[in-house]
Amino acid sequence: MSLLSFRKHKETVETTVNPQMEAFLKDYSIEVMPRTAEKVEDFRDLLPAGTRVYIAHIESTPISDMVATAKRLATNGYKVMPHFPARIIKDQAMLADWIAQYQGEAGVDQALLLAGGVAAPHGEFHSSMQLLETGLFGDFKRLHVAGHPEGNKDIDKDGSDKNVMEALHWKQKFSETTDAEMAIATQFAFEAKPIIAWADALREAGITIPIHIGIAGPAKLQTLIKFAIACGVGPSLKVLQKRAMDVSKLLLPYEPTEVLTELAAHKAANPDFNISHVHFFPLGGISANANWAIANGGTSAIPASHLKDT
């Protein structure tokens, strides 16, 4: 396909999408891991230039692999946002070393700070707040922290949101003193109404940090249920369970059309709604997620083979 033909095809696709969805998907982000990134021959065939790409840090992954992935993505024109999971960072020296490697090799100036999924801390850190307190992220332009629309039983074991809300109030105050832009990047959920209620409750509580809502990309139903249970997804898991009971849908891949359509319509009707961006977890593969986003209003990538023609 020539570049001209590609652009004409892109214009045809864009005329058929839901304009509310198109607006809601603008500047979406996506998450990768080094092992999944290795399977992508060229990200420029899938993701538009400037896309924010989070790099998830799995405990057993060497920092050298993380940094190499960051360098590759940065070289291809993407905004790289690596995870910094507090509980697997042993001490301030390790944190400083990670930051130095990311900045030196990939020019990283964005980070997602989170507690991390391990039960027992490996060292002196157990929360993202402690990472922020080190001052080592002082020259970063953007800092994201974690959010949980359906609660987090690792933090509030009694099922309340007391500790989570105390942490968010702390982060709200931090956001008012830092020069970095901040946002709350959330765990994925499958139902719009609880997400809307949670986001509205945060605003009512004085938490005005913009929210980047986590959404699971297209995937096999069995895959999503497995990840949802492992990640502690709450009440909206029933959306998947109900679908699993319908034999006619059991073998079809899940797509996030319904939840995003409802969220996009709410955003269009309420422009001050504090969910500002969509963040995809590509549980069914990066290619499947990127192609779904393009088909539903997300910005198209220009295939790498055509970049020399621009």
Side-chain angles (χ1 to χ4, degrees), residues 3 6 25-85 88-89 94-114 116-117 131 136-137 139-144 180-181 183 185 212 214-219 227 277-294 298-310:
L3 183 57
F6 170 77
L25 289 177
K26 181 177 174 59
D27 297 329
Y28 72 84
S29 59
I30 196 165
E31 184 165 297
V32 304
M33 295 178 287
R35 64 179 177 82
T36 57
E38 287 175 358
K39 299 176 183 179
V40 179
E41 184 175 345
D42 197 321
F43 279 93
R44 294 170 296 178
D45 289 336
L46 299 172
L47 304 175
T51 298
R52 179 171 295 109
V53 182
Y54 293 59
I55 307 178
H57 197 130
I58 306 303
E59 184 179 2
S60 60
T61 304
I63 186 62
S64 57
D65 290 357
M66 300 289 299
V67 172
T69 303
K71 183 176 181 179
R72 175 190 173 192
L73 289 163
T75 299
N76 285 343
Y78 297 106
K79 301 172 184 175
V80 182
M81 178 170 275
H83 289 197
F84 286 82
I88 70 171
I89 299 173
M94 176 182 272
L95 176 60
D97 177 60
W98 284 18
I99 292 172
Q101 289 191 56
Y102 277 125
Q103 290 184 326
E105 294 293 323
V108 166
D109 59 8
Q110 306 188 23
L112 171 64
L113 281 61
L114 66 168
L131 298 182
L136 293 174
F137 293 94
D139 60 352
F140 276 56
K141 294 180 180 178
R142 178 172 281 277
L143 297 170
H144 289 188
E181 292 185 69
H212 293 208
I215 295 293
F227 275 105
H277 291 75
V278 172
H279 173 60
F280 282 114
F281 292 84
L283 303 180
I286 297 166
S287 178
N289 201 145
N291 288 325
W292 183 92
I294 291 169
T299 304
S300 297
I302 297 178
S305 59
H306 297 321
L307 292 177
K308 61 180 180 294
D309 297 326
T310 59

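The model shown is predicted, which means the values in this text are computed figures rather than measured ones. The residues of the chain are indexed from 1 along the displayed sequence.
- In this structure, Pro85 and Trp98 approach most closely via the heavy-atom pair CD-CZ3, 4.1 Å.
- In terms of heavy-atom proximity, Gly298 sits nearest to Leu25 at N-CD1, 3.8 Å.
- In terms of heavy-atom proximity, Arg35 sits nearest to Lys39 at O-CG, 3.7 Å.
- In terms of heavy-atom proximity, Leu283 sits nearest to Ala219 at C-CB, 4.0 Å.
- Under the side chain to side chain contact (heavy atoms under 4.5 Å, CB included) rule, Val53 has a single partner from Val80, Leu73, Thr69, which is Leu73.
- Pairing each heavy atom of Ala183 with each of Arg142, the nearest pair is CB-NH1, 4.1 Å.
- Taking the six-membered ring for Trp, Phe84 and Tyr102 have ring centres closer than 6.0 Å.
- Among all heavy-atom pairs drawn from Met94 and Ile88, the shortest one is SD-O, 3.9 Å.
- Between His279 and Tyr54, the ring-plane angle classifies as tilted under the 30° and 60° cut-offs.
- Taken from OG in Ser29 to NE2 in His212, the straight-line distance is 7.0 Å, to the nearest 0.5 Å.
- Here the CD-CD1 distance, from Glu31 to Ile286, works out to 10.0 Å after rounding to the nearest 0.5 Å.
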Candidate pair Val108 and Phe140, rule side chain to side chain contact (heavy atoms under 4.5 Å, CB included), full reasoning: CA-CA 8 Å; Val108 166; Phe140 276 56; 4.1 Å; yes
